[in-house]
Amino acid sequence: MPIGVISEVYRGSLNADLHYVFTEVNKVLTTAEGSKLSHTIDIPKPVGVESLYAILELLVETSSPRIDWKVKVNGVNVSKEFKPAVSIRHEGKFVHKLIYDVKSVLNTPESVSKARVHMTIRHEGGGDAVLKSIGFIVAYSQSEAYTTLRQYSGLLLLDKGERFKMSELCEHGGSKVDIVAYSPAPTYVTLSNGSSSRRLTAKGLLNTQLDSEFCKVLELSNEGLSPLFVLNVLSSSVQIKRASLKVTRVAPVVADKHLGLKVEIANVGETLPDEAILIVLEKGFVRGVKRVTPPPPGGRVEEVVGVQAGQRPEVMTLRLVWKKLARTDFEDVQVSIPSV
């Protein structure tokens with residue numbers, strides 16, 4: 001039968017924008033003095049915004065049951081000891097799941113002002129360790145967003161032929177269900193809800209998303225030879241007012257022999273972007289940049305962005321980029337430049 005545990009660690013609704021990332025790492029921390037691993041978590045991080053929920057998860061393999069280490073996030077200690085939430089002994093090794101609540105760390109003035117989340121692990125003895133994967137789940141405070149989240153976390157080992165069943169996973173009917181698992185070698189995984197199923201090949205970190213049809217019943221089966229470690233099951237629904245800009249008109253203009261592009265921008269979204277920028281590209285090179293004040297929903301604005309080019313090109317790309325909290329979108333428009 002399966003070894004370990006997956007249990008509910010959070011259930012709730014927040015006025016927040018949800019983001020999460022699960023990354024395979026496979027980095028060795030040795031017993032050498034001062035062995036250290038630094039890792040910048042690849043997740044959007046809006047400056048000046050507090051977090052309402054933030055969890056850091058580490059999957060670690062060791063040759064001994066305990067090691068000595070320290071974990072820091074943005075320079076702040078989150079653990080001075082190695083205290084796994086779940087540990088499993090498998091084939092002479094120990095596999096551990098560590099879970100840290102880092103909301104208070106992200107909400108320090110220093111972290112709120114940063115545009116990244118950086119983690120450092122310092123190994124201080126007790127045998128070698130391999131950091132297999134990192135998981136990071138964060139909900140940024142946002143009055144125009146509403147997130148419903150249920151998170152099941154832990155470490156559950158499924159050997160060949162074993163299966164694990166969950167039910168009533170979702171709080172919201174439109175939720176998506178994310179499955180996160182790890183396998184050291186290729187294995188086959190079947191995900192079933194009783195009426196339909198999906199068969200996947202897992203090697204290393206597996207992260208797949210299912211639709212709301214799997215909210216009622218979810219069964220995971222390991223049908224391959226390699227062990228499968230189930231790490232996370234997330235059900236989430238995010239309702240957010242979307243910021244959306246569109247280039248409605250663009251025309252080349254020449255003033256004092258200098259080329260520019262006159263651009264009309266419309267806000268076709270539900271809210272005002274935090275910032276917007278126009279970028280002119282020619283064969284991959286940046287020829288012009290201008291920050292613009294985005295119009296309100298339903299509004300339009302006209303801007304002129306200057307173009308720096310040695311010779312007048314035939315075609316250029318106008319890129320309109322806009323940001324809302326931790327989300328970035330863009331639109332590209334091809335612009336023909338008439339010869340003079």
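Just the heavy atoms: all of them, side chains too, but no hydrogens, waters or symmetry mates, feed the values below.
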Check: Is the side chain of Thr147 donor-acceptor paired with the backbone N or O of Ala16 at a distance under 3.5 Å, no angle test?
Finding: yes
Margin query: Counting C-beta onward and ignoring hydrogens, is there a side-chain heavy-atom pair between Leu245 and Pro294 closer than 4.5 Å?
Written below: yes
Next item on the list: Dump the intermediate steps for side-chain contact (heavy atoms from CB on, under 4.5 Å) on Phe22 and Leu234, then the final yes or no.
Entry: CA-CA 12 Å; Phe22 301 94; Leu234 293 173; 3.8 Å; yes
Check: Do we see a donor-acceptor contact under 3.5 Å between the side chains of Gln151 and Tyr53?
Finding: yes
Notebook entry, point to check: Within 45 degrees of the axis of the six-membered ring of Phe82 and under 6.0 Å from its centre: does Arg66 put its NZ or CZ there?
Noted result: no
Note to self: Assess the residue pair Tyr20 and Asp178 against the criterion (side-chain hydrogen bond (donor to acceptor under 3.5 Å, both in side chains)); give the C-alpha distance rounded to whole Å, side-chain angles, the decisive distance to 0.1 Å, and a yes or no.
What the structure shows: CA-CA 10 Å; Tyr20 48 86; Asp178 282 82; 2.6 Å; yes
Note to self: For the residue pair Thr187 / Asn222, report whether a side-chain donor-acceptor contact shorter than 3.5 Å exists.
What the structure shows: yes
Next item on the list: Flag the pair His19 / Phe136 as yes when their ring centroid distance falls below 6.0 Å, and as no otherwise.
Entry: no
Next item on the list: Decide yes or no on side-chain contact (heavy atoms from CB on, under 4.5 Å) for Leu59 and Tyr182, but give the supporting numbers first.
Entry: CA-CA 9 Å; Leu59 180 67; Tyr182 181 87; 3.8 Å; yes
Next item on the list: Scan Val289, Val250, Leu318, Val321 and name whichever one has a side chain to side chain contact (heavy atoms under 4.5 Å, CB included) with Leu278.
Entry: Leu318
Notebook entry, point to check: Okay, side chain of Ser183, backbone of Leu228: is any donor-acceptor separation there less than 3.5 Å?
Noted result: no
Note to self: Less than 4.5 Å apart, side chain to side chain, heavy atoms only: is that true for Leu210 and Arg198?
What the structure shows: yes
Check: Does any N or O in the side chain of Lys176 come within less than 3.5 Å of the main-chain N or O of Ser237, such that one atom is a donor and the other an acceptor?
Finding: no
Check: Is the closest side-chain heavy-atom distance between Leu131 and Asn26 below 4.5 Å?
Finding: no
Margin query: We want to know whether Asn74 and Ser111 form a side-chain donor-acceptor pair, criterion being a heavy-atom distance below 3.5 angstrom.
Written below: yes
Margin query: With clusters defined by side-chain heavy atoms of hydrophobic residues (ILVMFWY) lying less than 4.5 Å apart, directly or transitively, does Leu225 cluster with Phe164?
Written below: no
Next item on the list: Say whether, by atom type as modelled, one donor and one acceptor occur between the side chain of Lys216 and the main chain of Asn193 under 3.5 angstrom.
Entry: no
Check: Looking just at side-chain N and O atoms, do Thr248 and Arg300 make a donor-acceptor pair shorter than 3.5 Å?
Finding: yes
Margin query: Checking Glu57 against Ser153: is there a side-chain donor and acceptor pair closer than 3.5 Å?
Written below: yes
Notebook entry, point to check: Are Glu303 and Lys290 side-chain neighbours, meaning at least one heavy-atom pair lies under 4.5 Å?
Noted result: yes
Notebook entry, point to check: Are Val238 and Val138 connected, step by step, through hydrophobic side chains (Ile, Leu, Val, Met, Phe, Trp, Tyr) whose heavy atoms are closer than 4.5 Å?
Noted result: no
Check: Does Arg199 count as lying over the ring of Tyr188, i.e. NZ or CZ under 6.0 Å from the six-ring centre, within 45 degrees of the axis?
Finding: yes
Checklist line | Polar side chain donor-acceptor pair, Asn107 to Glu50, under 3.5 angstrom | finding: no
Next item on the list: Kindly determine whether Arg163 and Leu158 satisfy side-chain contact (heavy atoms from CB on, under 4.5 Å), including the steps that lead there.
Entry: CA-CA 7 Å; Arg163 58 189 60 198; Leu158 299 181; 5.8 Å; no
Next item on the list: Evaluate salt bridge (charged side-chain N to carboxylate O under 4.0 Å, His left out) for Lys132 paired with Glu24, printing each intermediate quantity in order.
Entry: CA-CA 6 Å; Lys132 293 290 188 179; Glu24 187 171 351; over 6 Å; no
Note to self: A quick test of your reading: do over 12 heavy atoms of other residues, nucleotides or ligands sit less than 6.0 Å from CD of Glu331?
What the structure shows: yes
Note to self: For a 4.5 angstrom cut-off between non-hydrogen side-chain atoms, does Trp69 reach Leu98?
What the structure shows: yes
Note to self: Please determine whether side-chain contact (heavy atoms from CB on, under 4.5 Å) holds for the pair Met119 and Ser38, giving the CA-CA distance in whole Å, both sets of side-chain angles, and the decisive distance to 0.1 Å.
What the structure shows: CA-CA 6 Å; Met119 182 194 71; Ser38 293; over 6 Å; no
Check: In this structure, are over 12 heavy atoms from other groups packed under 6.0 Å from Lys114 atom NZ?
Finding: yes
Next item on the list: Nearest 0.5 Å please: distance from the CG atom of Leu56 over to the CD1 atom of Ile137.
Entry: 8.5 Å
Next item on the list: Verify salt bridge (charged side-chain N to carboxylate O under 4.0 Å, His left out) between Asp274 and Lys323, making sure each step is shown before the conclusion.
Entry: CA-CA 6 Å; Asp274 295 328; Lys323 296 182 179 180; over 6 Å; no
Checklist line | Donor-acceptor side-chain pairing of Glu219 and Ser192 below 3.5 angstrom | finding: no
Note to self: What verdict does the salt bridge (charged side-chain N to carboxylate O under 4.0 Å, His left out) test give for Lys93 and Glu91, after you've listed the backbone C-alpha separation in whole Å, the side-chain angles of each residue and the deciding distance to 0.1 Å?
What the structure shows: CA-CA 6 Å; Lys93 298 284 188 178; Glu91 296 183 349; over 6 Å; no
Next item on the list: Please confirm whether the backbone N or O of Leu169 pairs with a side-chain atom of Ser235, one donor and one acceptor, at under 3.5 Å?
Entry: yes
Next item on the list: Classify the ring geometry between Phe94 and His96 as parallel (under 30°), tilted (30 to 60°) or perpendicular (over 60°).
Entry: parallel
Checklist line | Separation of Asn232 CG from Ile6 CD1 (nearest 0.5 Å) | finding: 6.5 Å
Note to self: Is there a continuous path of hydrophobic side-chain contacts, each under 4.5 Å between heavy atoms, that joins Leu272 to Ile265?
What the structure shows: no
Note to self: Quick check for you: to the nearest 0.5 Å, what is the distance between Leu218 atom CG and Glu213 atom CD?
What the structure shows: 12.5 Å
Margin query: Minimum heavy-atom separation for Val73 and Val117, please, with both atom names.
Written below: CG1-CG1, 4.0 Å
Next item on the list: Using the rule that two of Ile, Leu, Val, Met, Phe, Trp, Tyr join whenever any of their side-chain heavy atoms come within less than 4.5 Å, decide whether Ile179 and Phe214 are in one cluster.
Entry: yes
Item checked: Under 3.5 Å donor-acceptor, Lys36 side chain and Arg122 backbone -> no
Notebook entry, point to check: Distance-only, no hydrogens or angles: does the Glu162 side chain make a donor-acceptor pair with backbone N or O of Met1 under 3.5 Å?
Noted result: yes
Checklist line | Non-hydrogen side-chain atoms of Glu270 and Pro297 separated by less than 4.5 Å | finding: no
Note to self: Please evaluate residues Glu302 and Arg249 with respect to the criterion salt bridge (charged side-chain N to carboxylate O under 4.0 Å, His left out), reporting the C-alpha separation (whole Å), side-chain torsions for both, the decisive distance (0.1 Å), and the verdict.
What the structure shows: CA-CA 9 Å; Glu302 194 173 83; Arg249 186 169 62 245; 3.7 Å; yes
Item checked: Sidechain-backbone polar pair: Asn77 side chain, Ser79 backbone, donor-acceptor under 3.5 Å -> no
Check: Within a strict 4.5 Å, meaning less than it, do heavy atoms of the Val233 and Val177 side chains meet?
Finding: yes
Checklist line | Sidechain-backbone polar pair: Asn267 side chain, Gly298 backbone, donor-acceptor under 3.5 Å | finding: no
Notebook entry, point to check: Is the CG atom of Asp211 crowded by more than 12 outside heavy atoms at less than 6.0 Å?
Noted result: yes
Margin query: Test of understanding: clusters of I, L, V, M, F, W, Y form through side-chain heavy atoms closer than 4.5 Å, transitively. Do Val49 and Val105 belong to the same one?
Written below: yes
Notebook entry, point to check: Under 4.5 Å between any side-chain heavy atoms of Ile279 and Val286, yes or no?
Noted result: yes
Notebook entry, point to check: Do Thr317 and Glu282 have a side chain donor and acceptor closer than 3.5 Å?
Noted result: no
Item checked: Passing candidate, side chain to side chain contact (heavy atoms under 4.5 Å, CB included) with Val230, options Leu206, Leu156, Val180 -> Leu156
Next item on the list: Taking atom types as modelled, find out whether Glu144 and Thr271 have a side-chain donor-acceptor pair closer than 3.5 angstrom.
Entry: yes
Checklist line | Short side-chain donor-acceptor distance under 3.5 Å, Ser212 and Ser175 | finding: no
